[in-house]
Amino acid sequence: MKELVEVVAKALVEHPDEVVVTEKTEGRNIVIELHVAASDMGKVIGKQGRIAKAIRTVVKAASSKDNTRVDVEIV
């Protein structure tokens with residue numbers, strides 16, 4: 001899941017070298033934190049949060065076969 005978020009985020013931003021993705025496992029829950037440059041924050045979130053919601057939807061669909069719950073946090 002970490003790699004999926006990283007590839008999507010790097011495709012969206014102007015400074016892909018500043019994209020940092022960390023993954024924390026808490027039992028059956030996984031928390032993925034996405035850190036981007038301040039100038040790229042709007043591109044990752046999108047208007048009314050549409051892009052962020054789309055990223056979360058794709059990750060949720062990809063994780064459904066593993067019976068794990070994945071949360072994506074944009075920091």
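None of the values given here were measured: they were computed from a predicted structure.
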With rounding to the nearest 0.5 angstrom, report the CD to OG1 distance, Glu26 to Thr68.
12.5 Å
Gap between atom CD of Glu18 and atom OG of Ser39 - 0.5 Å precision
7.0 Å
Please check: side-chain N/O of Arg28 versus main-chain N/O of Arg69, any donor-acceptor pairing under 3.5 Å?
no
Is the side chain of Asp40 donor-acceptor paired with the backbone N or O of Glu14 at a distance under 3.5 Å, no angle test?
yes
Which heavy atom of Glu73 sits nearest to which heavy atom of Arg56, and what is that distance?
CA-NH2, 4.5 Å
Locate the shortest heavy-atom distance separating Ala37 from His15; write the atom from each residue and the value.
CB-CD2, 4.4 Å
Quick one: hydrophobic cluster around Val19, which other residues, with the 4.5 Å side-chain cut-off, linked directly or via members?
Met1, Leu4, Val5, Val8, Leu12, Val13, Val21, Ile30, Ile32, Leu34, Val36, Met41, Val44, Ile45, Ile51, Ile55, Val58, Val59, Val70, Val72, Ile74
Are any of the side-chain nitrogens in Lys2 or Glu6 under 4.0 Å away from the carboxylate oxygens of its partner?
no
Which is it for Lys24 and Glu33 under the side chain to side chain contact (heavy atoms under 4.5 Å, CB included) test, yes or no, and what are the steps along the way?
CA-CA 8 Å; Lys24 298 177 185 176; Glu33 292 182 350; 3.3 Å; yes
